[in-house]
A.B. asks: 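Once you've had a glance at the structure underneath, I'll fire off some questions.
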Amino acid sequence: MRCLQIYGILFTMAPPALSSLHPECEYIFQLEKDERHCLQYIAEQGNSSTQGCLPFWDAVVCWPDAVVGETVHRACPAIFSLFRNNTGSVSQNCTSGGWSRPFPPYRIACGVDDDILETEQSYFATVKLIYTTGYGISLGVLSVAVLILLLFRRLRCARNYIHIQLFITFILKAVAVFIKDAALFSSDDTNHCTLSTFACKASVVICHYCVMTNFFWLLVEALYLNSLLLSSFHHNRRCLWGFSLLGWGVPVLFIVLWIGFRMYLEDTECWDINEDSPYWWIIKGPIVVSIAVNFMLFVNIIRILIQKLNPRLIQFNNSSQYRRLTKSTLLLIPLFGTHYMFFNFLPDYFNANLRLCIELCLGSFQGLIVAILYCFLNQEVQKEVHMQWLRWQENSYGVVSPGAKGSQMDTPF
């Protein structure tokens, strides 16, 4: 029981890192390493001491042999210094009946707060509830948005094709998160530090691929918006195939490369712990580059729009179009991962709780916001849905509305 209590504290006190699901495992692994060294020490001692207390491992500290009446002092494990600055020592008496209980208890001697377990469990449970709710709502809304854009023929165009692909990546990302949680956290009894099955590794691979495709289709959106502003070129089928290859194909190359390195050079646990792994940059590197390029493209969009919106440089009949384009572009800026420009160049341990909230909690609602802004609030979509409603009324009740004569596409993207 004492071992389980110590392990529970270690699990909940470890700071979360964005590159792994359970970085606290490194502390558990350190304990396992200390245990191996202790068992090796015990084996080397053999039966050299037949009197007194024999050496043993108590799941936290290695105790040497001692004579009856001797008091042995041991410093708190080094890993406890990661939680508290002040670390003490634990003592045990060697009696004729064997070792006594350690005094003072590890919780007191090593400065471990008893309330941390409950507080941390409550915090992470709240975070999981928020991002599960966010991804669930986003999944439903995005699915409806994709159906709308696919069902109405008047809405089929290049920009909506790109929007659909982006919506699908958000859907896949949400599904991948649910699959990953089911594979890794389906049971409280699962040992996350030693879990290494095909199912859990496959769920991690799928999750990484969906995240990469999401970032790359955000990049495609930025490239498309820039091309709209720079020229009146109508994107042909070949151009859309190029966008599709960038959004869906390029991530496959990096994922396959990463799988190869993990299989042959770092096949540990469930492939979800990437801290200090050089191979993690095979996935993280392209994402960071796409975020940087995305940010520069959006800065360029703003620059172009500022120039084009100058009344002395544009024709009067184009003013409303560019103002509408400006509004939509500015709404996209906070949705295209610009906050990652700040976090990606900071250590994983920097303000971990803030990063956790932004990337999991707020990020889970990103697909919902994109669907609302670029489908449900789109005037073109609203008009087409309204026209279909009027046609249904006409077919059902014979009511003909003047607005049912036709609709025009009036949004730039």
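If you're wondering where the values come from, they're calculated on a predicted model, not measured in any experiment.
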A.B. asks: Taking the six-membered ring for Trp, are Trp57 and His37 ring centroids under 6.0 Å apart?
C.D. replies: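 No - the distance between ring centres of Trp57 and His37 does not fall below the 6.0 Å cut-off.
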A.B. asks: Which word best sums up how the rings of Tyr209 and Trp248 line up, parallel for under 30°, tilted for 30 to 60°, or perpendicular for over 60°?
C.D. replies: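 Tyr209 and Trp248: tilted rings.
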A.B. asks: For Ser89 and Pro104, which heavy atoms make the closest approach, and how far apart are they?
C.D. replies: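 Ser89 and Pro104 have their closest heavy atoms at O-CD, 4.0 Å.
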A.B. asks: Classify the angle between the aromatic ring planes of Tyr135 and Tyr131 as parallel (below 30°), tilted (30 to 60°) or perpendicular (above 60°).
C.D. replies: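 Because their plane-to-plane angle is over 60°, the rings of Tyr135 and Tyr131 count as perpendicular.
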A.B. asks: How are the rings of Tyr161 and Trp217 set relative to one another: parallel (under 30°), tilted (30 to 60°) or perpendicular (over 60°)?
C.D. replies: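 Tyr161 and Trp217: perpendicular rings.
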A.B. asks: Applying ring pair (Phe, Tyr, Trp, His ring centres under 6.0 Å), name anything that partners Tyr279, two or more places apart in sequence or on another chain.
C.D. replies: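 Checked Tyr279 against ring pair (Phe, Tyr, Trp, His ring centres under 6.0 Å); matches are Phe261.
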A.B. asks: Does the side chain of Cys375 reach to within under 4.5 Å of the side chain of Phe167, using non-hydrogen atoms?
C.D. replies: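 Touching, per the 4.5 Å side-chain cut-off.
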A.B. asks: Measure across Trp63 and Asp58 and return the closest heavy-atom pair with its distance rounded to 0.1 Å.
C.D. replies: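 Closest approach of Trp63 to Asp58, heavy atoms only: NE1-OD2, 3.2 Å.
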A.B. asks: Between the side chains of Glu266 and Trp271, is a donor N or O closer than 3.5 angstrom to an acceptor N or O?
C.D. replies: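 No, Trp271 and Glu266 have no side-chain donor paired with an acceptor closer than 3.5 Å.
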A.B. asks: Suppose the criterion is salt bridge (Lys or Arg N to Asp or Glu O under 4.0 Å): which pairs have a residue in residues 195-217, not counting sequence neighbours?
C.D. replies: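 For residues 195-217, and leaving out neighbouring residues, the salt bridge (Lys or Arg N to Asp or Glu O under 4.0 Å) pairs sorted by first residue read Lys201-Asp267.
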A.B. asks: Restricting to non-hydrogen atoms, name the atom on Leu377 and the atom on Gln382 that form the minimum distance, rounded to 0.1 Å.
C.D. replies: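 Shortest heavy-atom contact: CA-NE2, 3.5 Å.
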A.B. asks: Are Cys207 and Val204 packed together at the side-chain level, in the sense that at least one heavy-atom pair is separated by less than 4.5 angstrom?
C.D. replies: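 They are not in side-chain contact.
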A.B. asks: Would a distance-only check, ignoring hydrogens and angles, find a side-chain to backbone donor-acceptor pair under 3.5 Å from Asp65 to Pro55?
C.D. replies: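 No; zero donor-acceptor contacts below 3.5 Å.
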A.B. asks: Are Ser138 and Phe170 packed together at the side-chain level, in the sense that at least one heavy-atom pair is separated by less than 4.5 angstrom?
C.D. replies: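 No, every pair of side-chain atoms sits at 4.5 Å or beyond.
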A.B. asks: Side chains of Gln92 and His73: is there a donor and an acceptor less than 3.5 Å apart?
C.D. replies: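 Per modelled atom types, Gln92 and His73 side chains form no pair under 3.5 Å.
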